[in-house]
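Here is the structure we will look at.
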Number of protein chains: 2
Amino acid sequence: MGVTMPTTSPDFPDRLRAAGLRPTRQRVALARLLFESGHRHVTAESLHVEVKASRMPVSLATVYNALNQFRDAGLLREVVVAPGRSYFDTNTGHHHHFFVEPDGELHDFPSEKVTIAGLPTPPKGTRLARVDVIVRVRR
Amino acid sequence: MGVTMPTTSPDFPDRLRAAGLRPTRQRVALARLLFESGHRHVTAESLHVEVKASRMPVSLATVYNALNQFRDAGLLREVVVAPGRSYFDTNTGHHHHFFVEPDGELHDFPSEKVTIAGLPTPPKGTRLARVDVIVRVRR
DNA sequence: TGCAGTATTTAGAACAGTTCTAAACTTCTT
DNA sequence: AAGAAGTTTAGAACTGTTCTAAATACTGCA
Ligand SMILES: [Mn+2]
Ligand SMILES: [Mn+2]
Ligand SMILES: [Zn+2]
Ligand SMILES: [Zn+2]
């Protein structure tokens, strides 16, 4: 007793099982890096560098597999802001992004503060899927 | 006098010279395809297919060179909406996009009708460059 | 008009990010 | 513990884009 438990006990094996994914060592290691601190924006390469430096190195192919599976399971969302490179975002809630060029840094901003009015109706035969606002800024 | 000249002259050699680019046959052929009808959204590959079918075929490297140069000269703007592929947009004015997945079609919509209010201020040390709104829709 | 100087084009090589292959290994169920 | 199914991995393959360097075209000036 007296030991501080995190308010949300992140049992990664359980969270992965709940998402329909076997909690392998590799997926658990990646999930820890992604989800145990605050929201993050990673690329496959940046996450691979991180996990290689850890106690449970993981191949690049597995990093790609896991990122795609986590995204398909709704644990991550993919953000496309720059040619030739995908970002994966642990914040799956409704929000938008600052993109700092040329650094390639992404920062969230809440969508509650932003009002978008007057969007035209989707083209015939299509349904709205998502509205992305990317505020591009430069140093 | 009195006759209104179109702001966009159809003299492609002159327009290219004005942009600081030598009016080579290849650039003129590409400029014609891009600019002589209404606004367009092309990829390097789609434009290469088009120009190959024309009287003045152009290598893929030249298509890439020209698209990048036209963009740098302000004749085109680059739009990143999907991983692994850049679109080039002949509409350089202020506007936003519908992106139809999974077709990969881009459609403009005017930014005048849209109001974006409450955007947060850019992070310290950065200046606003552009705000992109991408309305993702699905069939 | 011809020439020299510079810019451009090109095929193919190279590169970067991502996906695929198939053999080895792990996890799950019984 | 054993079998079945899912996962990981190294390396090959693939896609979109850029680079290389030799050949060609454009331009300004004689
Ligand atoms: Mn993907
Ligand atoms: Mn580019
Ligand atoms: Zn985000
Ligand atoms: Zn457009």
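Each chain gets a letter, A, B and so on, in the order its sequence line appears, and its residues count up from 1.
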### Query
Using a cut-off of less than 4.0 Å, is there contact between a side-chain N or O of A:N65 and OP1 or OP2 of D:dT7?
no
Would you kindly give the [atom1]-to-[atom2] distance between [X] and [N], to the nearest whole Å?
X     : N      : atom1 : atom2 : result
A:L60 : C:dT19 : CG    : P     : 10 Å
A:L30 : D:dT8  : CG    : P     : 9 Å
B:E45 : D:dC14 : CD    : C1'   : 14 Å
A:F88 : C:dG17 : CZ    : P     : 14 Å
A:H48 : C:dG17 : NE2   : C1'   : 14 Å
B:Q26 : D:dA23 : CD    : C1'   : 13 Å
B:R27 : C:dA7  : CZ    : P     : 11 Å
B:R71 : D:dT17 : CZ    : P     : 11 Å

### Query
Counting any heavy atom closer than 4.0 Å, what does A:T62 reach on the DNA or RNA strands: base, sugar-phosphate only, or nothing?
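Touches a base.
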### Message
For a quick check of understanding: with a heavy-atom distance under 4.0 Å over all strands, which category does B:R22 fall into, base, sugar-phosphate or nothing?
### Response
base
### Task
Please assess B:I116 against B:V131 for the test side chain to side chain contact (heavy atoms under 4.5 Å, CB included), listing each intermediate value before the final yes or no.
CA-CA 10 Å; B:I116 306 172; B:V131 179; 4.2 Å; yes
#### Entry: First encountered from the 5' end of DNA chain D, between B:R25 and B:T43
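By nearest-heavy-atom nucleotide position, the 5'-most residue is B:T43.
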### Task
Specify the residue among B:Y64 and A:M56 whose closest nucleotide of DNA chain D lies further upstream toward the 5′ end.
A:M56
### Message
For a quick check under 3.5 Å, do B:H95 and B:H97 share a side-chain donor-acceptor pair by atom type?
### Response
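Indeed, the side chains of B:H95 and B:H97 share at least one donor-acceptor pair under 3.5 Å.
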### Closest-nucleotide 5' rank along DNA chain C - winner of B:T24 and A:R17
B:T24
### Query
Out of B:L47, B:L34, B:N68, B:L75, which one pairs with B:F88 under the side chain to side chain contact (heavy atoms under 4.5 Å, CB included) rule?
B:N68
### Task
Mind telling me whether A:F35 and A:F70 have parallel, tilted or perpendicular rings, with 30° and 60° as the class edges?
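Ring orientation, 0 to 90° scale: tilted.
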### Query
Could you give the distance from CG (B:D132) to CG (A:D132), rounded to the nearest 0.5 Å?
10.0 Å
